[in-house]
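Only heavy atoms go into these numbers, but all of them, side chains included; no hydrogens, no water, no symmetry mates.
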Amino acid sequence: MKTRKGNKVYPLTSAQKLHYYCMKYCPKKQVLNIGSGLTIQVELDWELLKQCIKEAVARCESMRIRFTEDKEGNVYQYVVKEETQEIDHFDFSNWKPEHAHEKMTEWTSTPFEPYDSPLHKIVMIKMPDGFHGLYIKVNHLIMDAQSLVVFFKDVIELYCSRVYEDIPYPKEMSSYLKQLEKDLAYEAGSASAQKDREFFEKLISSSEPIFTDIYGPGKLKEERKKKKNPKLRAATNTSDNVDANLGNFHLEEEATQKLLKFCEENHVSMTCLLLMGLRTYLQKENNQNDVSVNTTIARRATLSEKRCGGTRIHSFPFRTIVSKTDTFLEGIYKIRDLQNQYFRHASYSPSEFYAFRKNYYHLENGQTYEGLALTYQPLAMKYDGPGLDKLGDIQYDVKRYSNGAAAHTLYLTVSHRPDGGLDFCFEHQTGVVTPEKLEEIYYYLCRIMFRGIEDASRTVGEIIKWA
């Protein structure tokens, strides 16, 4: 297949293949749906907003991606030249707020038609609390969290440039297709791809990780007993029930600024600090210095990557061995050093990573070493460009909605709120993780991080004892 409806077709990228595999085998096909709402406390010109949304879609090639399947079952993607889907308008002003959010959760839980159809839904919404804006649902195959934020910001900037003087027209988006061609050329057997493969295969084969769970070592002990292997280091961490929900916690701006200040002063990323907090919690629960957590890398280093849309996230297991006699800062620097190595090789296919590890350690289907996953989203959904003074103290509200399904037991997304705080959004399988456990994880994660930044020379053992 070379073209579809007059459009050139392309194979899936490594990032898309991982998502597609998830959707193909998950019994709930909405598992890749991302639902978000962005509203502001301002009366909006709905017709103008609709025009800006349509223009943003026209500027963003990845919002016009379609997928198709040939007779052999191979899946391809193509970009249509024009999006004909209408922009809906829904008035929630006479609804109870909780019922409005239930409705948008229902929208998010509705699967898309997978082939030759739009994979986004945009609705202009008028909320009962005086906030107005838009709701967006996209399939993860065409957008990730970072590209979705960039799209939201593009709509805001297009609208503001028309309504307020001195606010400029936003710079163009970059081409998804041009970036796609670069990615596929890398995957076709480039020298850099071979270097990345060698790095990760050496890392995997250096020594075997060990499973650490949010509920402690019980699951690993059960697996050892079941397999009659007291030295087994992997455990099965899948569930037949993929029903899921979101647990949200909000860290206020003042506390958030303390974390950001620590990161700036010590030349580490927020991801490093969050990983240190999570791995120390797992270290405490499992009494185990060897801890692995799944982490994501956005792969948006260049300007063209930042503004091309699409899904570019690669997710890899991230293993650190930090003893209780190491200081908090020493642990963070171990994470930073390894993270820097990951960044250099992050274009490597996650599917190849997992396949090599599975074969090397003879893992059975479902067996893993990681009990949870982390994504950090550094962008906030608000206008922050020139002419900001024209907007005054406009209040923003951001919501994320559950699609009702999850392939992972626990997936934490940490993102910046427009008001300066942080949101901790735990997507969790409801049959495995309870709301009480989420509260406990959030409590200890924050307690560990703040104990650590108070005095980074404290040992990990001291922090675990005080936490």
Side-chain angles (χ1 to χ4, degrees), residues 12 14-29 31-32 73 75 140 196-244 278-279 282-283 285-296 313-321 342 348-374 405-412 427-433 437:
L12 304 187
S14 293
Q16 289 172 319
K17 286 174 184 174
L18 205 60
H19 291 318
Y20 184 78
Y21 177 87
C22 174
M23 185 175 73
K24 184 177 180 180
Y25 292 103
C26 184
K28 292 193 170 187
K29 300 308 176 187
V31 68
L32 296 185
V75 178
H140 213 337
D196 297 340
R197 181 177 295 106
E198 289 169 359
F199 166 79
F200 276 111
E201 289 185 356
K202 182 179 179 183
L203 184 73
I204 292 166
S205 59
S206 62
S207 64
E208 187 178 10
I210 189 167
F211 179 75
T212 47
D213 188 38
I214 56 172
Y215 286 103
K219 194 173 285 185
L220 180 60
K221 288 179 179 177
E222 279 296 312
E223 191 96 0
R224 286 173 169 176
K225 185 177 177 182
K226 182 180 177 182
K227 303 296 182 184
K228 298 179 181 178
N229 181 359
K231 294 184 179 179
L232 190 67
R233 295 174 71 86
T236 303
N237 194 38
T238 57
S239 172
D240 293 334
N241 181 1
V242 297
D243 290 351
L278 286 172
R279 70 151 326 281
L282 291 171
Q283 184 173 8
E285 291 296 290
N286 294 269
N287 193 28
Q288 174 62 251
N289 296 339
D290 188 341
V291 175
S292 295
V293 174
N294 262 320
T295 187
T296 58
I313 282 180
H314 277 187
S315 180
F316 297 105
F318 193 87
R319 178 194 185 193
T320 49
I321 300 174
Y342 268 53
Y348 181 63
S349 165
S351 300
E352 287 191 34
F353 181 107
Y354 290 110
F356 181 85
R357 187 176 75 168
K358 180 181 179 180
N359 291 332
Y360 192 87
Y361 289 111
H362 310 293
L363 301 180
E364 297 180 12
N365 289 338
Q367 284 187 332
T368 186
Y369 306 102
E370 296 79 39
L372 57 85
L374 168 72
H408 301 276
T409 301
L410 184 61
Y411 194 130
L412 170 60
E427 182 180 61
H428 60 288
Q429 291 179 340
T430 52
V432 180
V433 185
K437 190 63 179 179

>> Looking at every non-hydrogen atom in both residues, tell me the closest pair between Val75 and Leu12 and how far apart they are.
In response: O-CG, 4.0 Å
> Where the side chain of Lys29 meets the backbone of Lys24, is there a donor-acceptor pair that is under 3.5 Å apart?
Replying inline: yes
> ring-ring contact (aromatic ring centres under 6.0 Å, His included) with Phe200: which residues, sequence neighbours excluded?
Replying inline: Phe316, Tyr342, Tyr348, Phe353
> Could you go step by step and tell me if Asn294 and Leu374 meet the side chain to side chain contact (heavy atoms under 4.5 Å, CB included) rule?
Replying inline: CA-CA 6 Å; Asn294 262 320; Leu374 168 72; over 6 Å; no
>> List the residues meeting side-chain contact (heavy atoms from CB on, under 4.5 Å) with Glu198, not counting sequence neighbours, and say none if there are none.
In response: Gln194
> With Lys437, which residues qualify under side-chain contact (heavy atoms from CB on, under 4.5 Å), at least two apart?
Replying inline: Ile214, Tyr215, Tyr281, Glu285, Val433, Thr434, Glu440, Ile441
> Excluding sequence neighbours, so at least two apart, what forms ring-ring contact (aromatic ring centres under 6.0 Å, His included) with Tyr369?
Replying inline: none
> After noting the C-alpha distance and the side-chain angles of Val293 and Glu370, does the key distance pass the side chain to side chain contact (heavy atoms under 4.5 Å, CB included) rule?
Replying inline: CA-CA 5 Å; Val293 174; Glu370 296 79 39; 5.7 Å; no
> Sequence neighbours excluded, which residues qualify as salt bridge (charged side-chain N to carboxylate O under 4.0 Å, His left out) partners of Glu208?
Replying inline: none
> Can you tell me if Arg319 uses its side chain to pair, donor with acceptor, with the backbone of Ser292 under 3.5 Å?
Replying inline: no
> Does the side chain of Gln429 come under 3.5 Å of the side chain of Asp243 through a donor N or O and an acceptor N or O?
Replying inline: no
> Pairs in or reaching into residues 220-230: which pass salt bridge (charged side-chain N to carboxylate O under 4.0 Å, His left out), with residues at least two apart or in two chains?
Replying inline: Lys227-Glu364
> So does Lys358 pair up with Glu352, basic N to acidic O under 4.0 Å?
Replying inline: no
> What pairs with Asn287 under side-chain contact (heavy atoms from CB on, under 4.5 Å), at least two apart in sequence or on another chain?
Replying inline: Lys324
> For Asp196, what residues pass the salt bridge (charged side-chain N to carboxylate O under 4.0 Å, His left out) criterion, not counting sequence neighbours?
Replying inline: none
Identify all side-chain donor-acceptor contacts of residues 15-22 below 3.5 Å with residues at least two apart in sequence or on another chain.
| from | atom 1 | to | atom 2 | distance (Å) |
| --- | --- | --- | --- | --- |
| Gln16 | OE1 | Thr13 | N | 3.0 |
| Gln16 | OE1 | Thr13 | OG1 | 3.4 |
| Gln16 | OE1 | Gln77 | NE2 | 2.7 |
| Gln16 | NE2 | Gln77 | OE1 | 3.1 |
| Gln16 | NE2 | Leu141 | O | 3.1 |
| Gln16 | NE2 | Tyr176 | OH | 3.2 |
| His19 | NE2 | Thr311 | OG1 | 3.4 |
| Tyr20 | OH | Tyr115 | OH | 2.7 |

> Residues in side-chain contact (heavy atoms from CB on, under 4.5 Å) with Ser14, at least two apart?
Replying inline: Glu187, His314, Ser349, Pro350
> What pairs with Phe211 under ring-ring contact (aromatic ring centres under 6.0 Å, His included), at least two apart in sequence or on another chain?
Replying inline: none
> What residues, two or more places apart in sequence or in another chain, satisfy ring-ring contact (aromatic ring centres under 6.0 Å, His included) together with Tyr361?
Replying inline: none
